[in-house]
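Notes to accompany the following structure.
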Amino acid sequence: MSNYITPISTDLLLSEAETENLYLKLIEQINKDFNLANEAIDFPMSTTPEELKIQLHEKIYRLIQYKFAEYLNLLYIIDVPEDQIKKLDGSDISELSAQVAFLILKREWMKVWFRNKY
């Protein structure tokens, strides 16, 4: 049984999800948690990893810009560690939202991975 290894980039995370045949489960988990946070996002199962990466980034960017309270609620629902968010540089919103999107993906991937293994 392989051990969980934290992916170091969005691209590596998504390719690992595909390799483990868990990519669709990852999409389901993201859709589920966003809906729980009342931020309906509905990635079709046909969404490519590249599309997922771009659209998630755009969604987070818009939340930070226009719906900050909802953004914080989303992070809480998904259970992104607060200390990791605090470490990010908030001076460039585009860069910040890319990093937050990666933290969200990492957290969602961890949930999917562990559920599949245990």
Side-chain angles (χ1 to χ4, degrees):
M1 188 177 292
S2 57
N3 290 328
Y4 181 79
I5 297 164
T6 305
I8 53 169
S9 75
T10 299
D11 294 334
L12 284 171
L13 184 155
L14 294 171
S15 69
E16 189 181 334
E18 287 188 299
T19 308
E20 302 242 4
N21 292 321
L22 294 173
Y23 178 67
L24 296 181
K25 291 237 184 325
L26 180 62
I27 289 181
E28 282 173 2
Q29 184 68 47
I30 292 168
N31 286 340
K32 182 180 137 201
D33 282 347
F34 270 77
N35 286 321
L36 276 175
N38 292 321
E39 271 313 313
I41 197 166
D42 200 13
F43 289 117
M45 290 299 143
S46 59
T47 306
T48 68
E50 191 56 30
E51 289 168 337
L52 181 67
K53 179 179 161 181
I54 292 166
Q55 290 170 24
L56 191 60
H57 179 203
E58 286 172 353
K59 176 77 172 177
I60 300 304
Y61 182 86
R62 285 196 300 272
L63 285 174
I64 292 173
Q65 281 279 59
Y66 306 113
K67 298 172 81 175
F68 199 72
E70 290 86 344
Y71 160 73
L72 294 176
N73 183 50
L74 177 72
L75 295 179
Y76 176 75
I77 298 269
I78 292 174
D79 193 24
V80 176
E82 204 175 325
D83 59 320
Q84 291 182 10
I85 296 286
K86 288 196 168 118
K87 282 184 199 147
L88 301 176
D89 174 11
S91 57
D92 178 342
I93 293 184
S94 180
E95 183 54 36
L96 174 66
S97 44
Q99 291 173 343
V100 170
F102 178 49
L103 290 179
I104 287 173
L105 277 173
K106 276 205 297 195
R107 187 71 190 97
E108 299 290 41
W109 171 235
M110 195 189 265
K111 291 180 197 175
V112 166
W113 192 91
F114 277 106
R115 194 173 300 133
N116 184 60
K117 295 291 178 217
Y118 301 106

Take atom CZ of F114 as the centre, draw a 6.0 Å sphere, and report whether it contains more than 12 heavy atoms from other residues, nucleotides or ligands.
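Result for CZ/F114: enclosed.
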How long is the span from the [atom1] atom in [X] to the [atom2] atom in [Y], to the nearest 0.5 Å?
X	Y	atom1	atom2	answer
L12	F102	CG	CZ	8.0 Å
I85	I104	CD1	CD1	7.0 Å
D42	N35	CG	CG	6.5 Å
L24	Q29	CG	CD	13.5 Å
I41	I60	CD1	CD1	7.0 Å
S94	I64	OG	CD1	9.5 Å

Using the rule that Ile, Leu, Val, Met, Phe, Trp and Tyr join whenever any side-chain heavy atoms are under 4.5 Å apart, tell me whether I8 and V112 fall into a single cluster.
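Different clusters: I8 never reaches V112 through Ile, Leu, Val, Met, Phe, Trp or Tyr contacts under 4.5 Å.
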Would a single hydrophobic cluster contain both L103 and F68, if residues Ile, Leu, Val, Met, Phe, Trp and Tyr are joined by side-chain heavy-atom contacts under 4.5 Å?
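F68 and L103: one cluster.
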Salt bridge [X]-[Y], side-chain N to carboxylate O under 4.0 Å:
X	Y	answer
K25	E20	no
D33	K111	yes
E82	K86	yes

Taking every non-hydrogen atom, the tightest pair across [X] and [Y]:
X	Y	result
G90	L96	CA-CD2, 4.1 Å
E51	S46	OE1-O, 4.1 Å
K59	A40	NZ-O, 3.6 Å
R107	D79	NE-O, 2.9 Å
P7	K106	O-CD, 3.7 Å
F43	I27	O-CG2, 3.5 Å

Between L26 and L105, does a side-chain contact (heavy atoms from CB on, under 4.5 Å) hold up when you go through it step by step?
CA-CA 8 Å; L26 180 62; L105 277 173; 4.3 Å; yes
Would you check, one step at a time, whether the test side-chain hydrogen bond (donor to acceptor under 3.5 Å, both in side chains) holds for D89 with S91?
CA-CA 6 Å; D89 174 11; S91 57; 2.9 Å; yes
Yes or no on side-chain contact (heavy atoms from CB on, under 4.5 Å) for N38 and E70, after CA distance, side-chain angles and deciding distance?
CA-CA 8 Å; N38 292 321; E70 290 86 344; over 6 Å; no
Can you classify the ring geometry of H57 versus Y61 as parallel (below 30°), tilted (30 to 60°) or perpendicular (above 60°)?
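Ring orientation, 0 to 90° scale: perpendicular.
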Steps toward side-chain contact (heavy atoms from CB on, under 4.5 Å) verdict (E50, I54)
CA-CA 6 Å; E50 191 56 30; I54 292 166; 3.7 Å; yes
Can you confirm whether [X] sits close enough to [Y] that some side-chain heavy atom of one is under 4.5 Å from a side-chain heavy atom of the other?
X	Y	answer
W109	L22	yes
V100	L75	yes
L56	T10	no

Is a side-chain donor or acceptor of Y23 paired with a backbone partner of T48 at a separation under 3.5 angstrom?
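Yes; at least one donor-acceptor contact below 3.5 Å.
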